[in-house]
Amino acid sequence: MPTAVLTDRERTAVQAYLRLLHTVRAAFDTRPGPPDAPGPALVPPSVLAEAETALARAGLAGNEEAFFRLLRDWHPEP
């Protein structure tokens with residue numbers, strides 16, 4: 001359960017990051033070939049742009065430590 005109280009912009013940044021993370025994971029999971037075959041994950045530019053914009057609007061661009069602290073507080077690993 002989230003313990004941090006996020007602003008709307010912080011929440012949007014966390015949600016955009018999680019969408020980006022899930023997109024990257026899905027790209028790796030659906031890549032053809034053996035699991036250890038090298039190959040870049042394809043991430044739609046719009047997904048990356050959404051995350052970058054959300055981070056900037058929340059004042060978190062370039063402040064990874066603060067962002068990942070919010071992320072851990074709001075969306076702890078299972």
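Take F67 and apply the ring pair (Phe, Tyr, Trp, His ring centres under 6.0 Å) test, not counting sequence neighbours, and it matches Y17.
The shortest heavy-atom contact between A16 and A51 is CB-CA, 3.7 Å. The minimum heavy-atom distance linking E50 with R19 is given by the pair OE2-NH2, 2.5 Å.
You'll find the side chain of L18 reaches within 4.5 Å of the side chain of H22, heavy atoms only.
One distance of note links CZ of R57 with OG1 of T7; it measures 13.0 Å at 0.5 Å rounding. Atom CG of residue L20 and atom CD of residue Q15 lie 14.0 Å apart, to the nearest 0.5 angstrom.
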